[in-house]
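Below, chains carry the letters A, B, ... as their sequence lines are ordered, and counting in each starts from 1. All values derive from a computational prediction rather than experimental measurement.
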Amino acid sequence: MIRDLVRSRIQEALLRLAQAGVPEAASFPPPEVSDTRQAEHGDYASNVALLNAKAAGHPPRALAERLAAELASAPEFEAVEVAGPGFLNFRLRPEVVAGFVGEILARGERLAESRHESPQRINVEFVSVNPNGPITVGSGRGAAFGSALCNVLEAAGHQVHREYYINDGVNSEQMRLFAESVRALILGEPLPEGGYKGDYVQAVADRVAEILSRPLEPAAAETRRDLEAEADPWRRHVLRRRLETLARVEAQRSSAPDARSCARALTNEDLKLLCESLMIERQRDDLRAFAVHFDTWFSEQSLHDAGEVERCLQRLVEAGIADTEPYQTVLKLGKNGEVLETVRVEQPRDDEDDDAPEGEAVQPTLWLRSTRFGDDKDRVLRRRDGRLTYIASDLAYHLDKFNRPPNADRLVTVLGPDHHGYIGRLTAVVAALLRHGEGEEADRRALEEARRRLQVVIFQIVRFVKDGEPAPMRKRDGNIYALIDLIEELGRTMAPEEEPERQRQVGKDVARFFYLMRSHDTHMDFDIDLATRRSDENPVFYVQYAHARICSVLRKASGAGFQPEQAAEEDLRLLGHPKELALVKKVADLPYEARRCADDFGVHRLTTYAVDLARLYHAFYDTCRVLQPENPALTRARLALCQAAALGLRGALGLLGVSAPERM
RNA sequence: GCGCCUGUAGCUCAACGGAUAGAGCAACGGCCUUCUAAGCCGUUGGUUGCGGGUUCGAAUCCCGCCGGGCGCGCCA
C-alpha cells in the first residue's frame, strides 16, 4: 500500500529520467522498496540506483542523485536522500502515512487481499496420508503448511483448489493387512504378522463390530440420498461404490447369527472398504479440528474403476513413452542434473526369470521411460503379475487434475521429508502427460513445462520432544502420536478450566502457530513442554492478547459514545507520534507480506509479521492513551488506528488459521 | 556411494543479495489510583561451521571441505 505509493513515484521518476538523458532508465526492472534498518534512514529505502548503475552507464551515487532530484518534487515526501554507496532513503510526511488508516479501514476484513497481475488456478494437494491411521503430528506440519499456503495464495489473488488424495487403490498391501488386523481384534484372535496395533485400531474394530450388529439399511438410505444430491461424477462414483459395499455386507450380516461371525465371513475387500471409510471419516474430523478443509477428497480407486488408468497407459504406449521392452535405463546424474552416464540394464525375459511367480499368468513388465524426462531411472507401470504400480495411478491422477474443472494451471503438491525422491518421478509423470510432437526436442519442452506447472514442496522433519525425549510417531508400534492428541493435550494444559470444545480451539491455535513459525524446509523441534509450560511464554498468546486488548478498548469506546468510523481525514492528521506511524506502516504491509509469502511459499514469515505487529501495538498502547474524552478528535483518530491494527492482526492470524479472540 | 534439507547468541529460531545480523526463552533492574501487567522500558550476549570465488555489497549465490537429519523397492 504505502510501498506501492513509493514504488510508483520511483517509476515516474525513472520515466522522467529516461527523457532527460538516461534512456536506459525506462527499461529498469520494477524497483524494490525495502524497510530501513535504522530510523535515521527514513521510512523506506530503495537500491534501484545500485542495481541499475551498470546498465545506465552512470556511477551508482550519481544515478541516485539524479533520481533524488526528480523525486524531491513529489508531495508525499518530506525528504529523499542519497546514502551510502547509492541507496535512496525516503522520509514520508507523517500526515501521508496517517492518511492510510482510512484506506486500511476501507479494505476492512479483506485487508490481506491483493490483485494479482497474472492470477492462476492452482490445485494444492496436501496431507494425503494412507487411510490406515489417523493424522499424525508429523503430517500435522504438512496440514498446517498446506492450508496456510492455500490461504496465502488466495489472498494474493489466485484461485485455489484444496485437494486430498486418498490412497485407496485395491493393490495396497498395507490396507489388506490393516483390515485383517481389525478382523483379528474383533474376533479376539492373534494379530497377523506385522499387523496394526494401537488404540485407534481397536476403535475401528469396535466401530465395525457395532456397525455389523445393526441393519445397514439406514446407512444405505443416507448414501442413496447423498447420491441423488451429488453432481460431481467422481464423488457419485465413490458413493455408488459404498452403496455396493453396504449391500454386500448387509447380505452377509443378515445371514450371520452375530457380529463376530459376520466379521469372520466378510471378504477382505469388503472389510477393507469399511475400515477405510471409518478411517477417512476420522481423518476428516481431526483435520477439521485443526482448521483444515478440502474442496476435494479424491479417491485413487475411482480412477481404476472408471478405466482412467488403463486409458492413460494406452495413450502413453501409443505415444511411445511406455513400452514392454525388457530393459531399464538408469542414469547417473551430476550436480546440475546433467547426465554423466547412461546405463541400460537388461531385464530377464519372463520365460527365463526364476523369480517369476509360479503357476501364475505372467505378462511383460510395462515401463515408463521416465529417464527421457529427467528421472534417474525408468519406472515400472505394470508388474509381471499384472498389478499396476502407484505411478500408473499418479499418471491418471495428474492428468485428471489438469483436465477436471476448474482446470488447474499449476499443481502444487506438499509432501513429507521421506518423499523427496518423488520430485523427479512426479515431474517425469507430468512431462509424459504434457508431451506432444515428436523427438527429443518434444521431450525437452515437455520437461520444461512440467517443471513450470508442477511444484513439489517438501517440508522437513519435525521432531516432537516431550519430557526431554523424542516422542515416538511411528504407526505400527501402537503408540502413534496423533495430531488430535497433540491438540487436546495442548488445550487441556493451557486452558484447564475451559470446556473441551474451547480447549481444542486453544490447542489448535497453539499447534498451528508453532508449526508455522519455522520455515517449511528447516528441521524443527516441537517442544511440547515449552509450548504448554506457561501461557505467557507463548508468542500465540502475545499476538492474540494484542487483539483482545484492542477489542476491549473498542468496547469501552463504544460505551462512551465513540465509533472508530467517525474519524475524519483531519482527525487522522493528528496521528504523528512515531509509535502511531510505525503501527500504521506495519498494518499497511499485510497485503505485501501475503503476496511475498505466496510467491516464495515462505508462509512462516507471517508469524514473524504477526508478532511484530502485536509488539508495535503493545508499544503504542503503552505510550499513547486512546480514550481521552477531553480530546475527542484525537480519540477518534486513535480508535481508527486501533481498528486498523485489529484488522491487521485478524488478517494475519486468519491466513495462519489461528483465531483472534475478542476477550482473554 | 548418490540425492534432498540443514549448520546464525547459552537454547529454539528470524533476516526480498543491502547499511551497525534481529526476536523469543533464559539472567538482572525498573513501570499498574486511569483504556486487559497474558503488557511496557532498560542491561547482558555473535569471527553467521571452515576455506576459496562471484560484486559496489554475501548469513544469503557458486565451488571444495567438515558436522547433523532424511531418503535412495516391480511398497504407497
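For B:C40, one of the phosphate oxygens OP1 or OP2 lies less than 4.0 angstrom from a side-chain nitrogen or oxygen of A:Y542. At the phosphate of B:U36, neither OP1 nor OP2 sits under 4.0 Å from any side-chain N or O atom of A:R555. The shortest distance between the side-chain N/O atoms of A:R383 and the OP1/OP2 oxygens of B:C75 is below 4.0 Å. Between A:R596 and B:C16 there is a side-chain polar atom (N or O) within less than 4.0 angstrom of OP1 or OP2. Between A:S519 and B:A15, a side-chain N or O to OP1/OP2 separation shorter than 4.0 Å is absent.
Of the residues in residues 600-614 of chain A, those lying under 4.0 Å from RNA chain B by heavy-atom distance are A:H604, A:R605, A:T608. Looking at residues 45-56 of chain A, you'll see A:A45, A:N47, A:L50, A:L51, A:K54 sit with a heavy atom under 4.0 Å from some atom of RNA chain B.
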Which atoms of nucleotides 31-33 of chain B (N or O only) lie under 3.5 Å from a protein N or O atom, and what are those distances?
none

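At a cut-off of 3.5 angstrom, counting only N and O atoms as typed in the model, there is a donor on one side and an acceptor on the other between the side-chain of A:H523 and the base of B:G68.
Side chain of A:R512 to main chain of A:L656: a donor-acceptor pair is present (N/O by atom type, distance under 3.5 Å, no hydrogens or angles).
Of all nucleotides listed (B:U36, B:A76, B:A14), B:U36 comes nearest to the side chain of A:S552. Which of B:G69, B:G73, B:C35 sits closest to the side chain of A:K377 comes down to B:G73.
Separation of the A:F620 and A:Y617 ring centroids falls under the 6.0 Å cut-off.
Rounding to whole angstrom units, CZ of residue A:F514 and C1' of B:U12 are separated by 9 Å.
Counting only Watson-Crick or G-U wobble pairs whose defining distances are both under 3.5 Å, the stems of 3 or more consecutive pairs in RNA chain B are B:1-7 with B:66-72, B:10-13 with B:22-25, B:27-31 with B:39-43, B:49-53 with B:61-65.
For residues 53-66 of chain A, the set of pairs meeting the salt bridge (charged side-chain N to carboxylate O under 4.0 Å, His left out) definition, not counting sequence neighbours, comprises A:R61-A:E65.
For A:D599, the side chain to side chain contact (heavy atoms under 4.5 Å, CB included) partners are A:H116, A:R595, not counting sequence neighbours.
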